[in-house]
Amino acid sequence: MSQNTDGDSRVFQALRVLSGVAAHVSSLSLTVYVTYVSQPGATLFSWHPFLMTLAFSFLMTEAILVFSPDSSLLRSFSRRARVQVHWVLQLLCVVCSLLGLGIIYSNKVLQGKPHFSTWHGLLGVLTVFWALLQSLGGVSLLYPKLVQRWKLATRKLYHATAGLIGYLLGCGSLLLGMCSLWFGASVTAVSWYLCVLCPVLTGLVVMNQVSNAYLYRKRSQS
């Protein structure tokens, strides 16, 4: 019986490792492909899909997975070092997303088009400000004395939960962006389905690994 249990645990661990590798590859592949399709610098608009994909497909994915016990690329590093890397990646994510939001806003002003008139636009602006607030909330984890109303463990739980919600919002924004007229005209056939698969896959992997590595563990300790 114990042998079967050990065998099952090894299988599940191997699956988590493989899923983590798939998430790394998917997030990077989508970012590289969108960069190729959008050709940033060709037009003002071209910077928007590039920056938003870089922010929510690559940077945020890596910022979260850096803490994964199964798929982190920095498992041999100390937790302090991984926290620092997490902050750098998340800061870059917020900067890129704010730039992407500012660019699409300016582009619509120049073209005389209405702002936030689609589900993609509405969810996108919500995602950007959620990421910004989430990062500001993370400051209380770096400097625990700033907020003493809640225990540090409680704040970590809230931060992990809000971060997961923000990541799923980012995945949703990317998926809605793939339903836009521009993306549909630029990416067709099998390539479109492969692009859609990327945020779906990374969203599932991150949701599973964050839950298993943090949320469920915290709940069991309470």
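Below, all heavy atoms of this structure are taken into account, side chains as well, without hydrogens, waters or symmetry copies.
Within 6.0 Å of OH on Y105 lie no more than 12 heavy atoms contributed by other residues, nucleotides or ligands. When the shell of 6.0 Å around CZ of F129 is examined, it contains 12 or fewer heavy atoms from other residues, nucleotides or ligands. Heavy-atom neighbours of L181 CG from other residues, nucleotides or ligands within 6.0 Å: at or below the threshold of 12.
For the pair S180 (side chain) and G177 (backbone), a donor-acceptor distance under 3.5 Å is present. Using modelled atom types, one side-chain atom of R155 and one backbone atom of S140 make a donor-acceptor pair closer than 3.5 Å. S29 contributes no side-chain N or O that, together with a main-chain N or O of S26, makes up a donor-acceptor pair within less than 3.5 Å.
Under the 4.5 Å side-chain contact rule for hydrophobic residues, V125 and W119 share a cluster. Note on V88: it clusters hydrophobically with F77, by side-chain heavy-atom contacts below 4.5 Å among ILVMFWY residues. The cluster map of Ile, Leu, Val, Met, Phe, Trp and Tyr, joined by side-chain heavy atoms under 4.5 Å apart, puts V200 and V190 in different clusters. Residues L174 and W130 share a single hydrophobic cluster, defined by chaining ILVMFWY side chains whose heavy atoms lie under 4.5 Å apart. If you chain together hydrophobic residues whose side chains sit under 4.5 Å apart, L132 and L122 fall into the same group.
Contact annotation: the side chain of L169 never approaches that of F56 to less than 4.5 Å [non-hydrogen atoms, C-beta and beyond]. C195 has its side chain within reach of M178: a pair of non-hydrogen atoms, C-beta onward, lies under 4.5 Å apart. In this structure, L59 and C96 have side chains that are in contact, with non-hydrogen atoms separated by less than 4.5 Å. The shortest distance between side-chain heavy atoms of L197 and Y193 does not fall below 4.5 Å. At least one side-chain heavy atom of H48 sits less than 4.5 Å from a side-chain heavy atom of M52. You'll find the side chain of P199 reaches within 4.5 Å of the side chain of L30, heavy atoms only. Proximity of L65 to V206: side-chain heavy atoms (C-beta onward) are separated by under 4.5 Å at one or more points. Using a 4.5 Å heavy-atom cutoff, the side chains of F183 and S186 are not in contact.
For the residue pair T202/T61, the side-chain donor-acceptor check at 3.5 Å is not satisfied. Y33 and T53 are not linked by any side-chain donor-acceptor pair at a separation below 3.5 angstrom, with hydrogens and angles left out of the test. E62 and H24 share a donor-acceptor pair across their side chains, judged by distance under 3.5 Å alone. In the model, S71 has a side-chain atom that pairs as donor or acceptor with a side-chain atom of S68 under 3.5 Å.
Summarising the geometry of V94 relative to A131, their closest heavy-atom pair is CG2-O, 3.8 Å, with the distance given to 0.1 Å. Annotation for V205 and A23: closest pair CG1-CB, 3.8 Å, computed over non-hydrogen atoms. Minimum interatomic distance between C93 and M60 (heavy atoms only, all atoms of both residues): SG-CE, 3.8 Å. Across every non-hydrogen atom of R82 and V66, the tightest pair is CD-O, 3.3 Å. Nearest heavy atom pair, residue W192 against residue C179, reads CZ2-SG, 4.4 Å. Taking both residues in full, the closest heavy atoms of G166 and T127 are given as O-CG2, 4.2 Å, listed atom of the first, atom of the second, then distance.
Using a 30° and 60° split on the angle between ring planes, W47 and F50 fall in the perpendicular class, above 60°. Ring geometry for W182 versus F45: interplanar angle over 60°, hence perpendicular rather than tilted (30 to 60°).
The CG atom of L176 lies 11.5 Å from the SG atom of C171; values are rounded to the nearest 0.5 Å. Atom OG of S106 is separated from atom CD of Q111 by 11.5 Å, given to the nearest 0.5 angstrom. The OH atom of Y167 sits 14.0 Å away from the CD atom of Q134 when rounded to the nearest 0.5 Å. The CG atom of D70 sits 7.5 Å away from atom OG of S19, with the distance rounded to the nearest 0.5 Å. Rounded to the nearest 0.5 angstrom, T118 OG1 and L123 CG are separated by 9.5 Å. From L164, atom CG reaches atom CD1 of I64 across 7.0 Å, with rounding to the nearest 0.5 Å.
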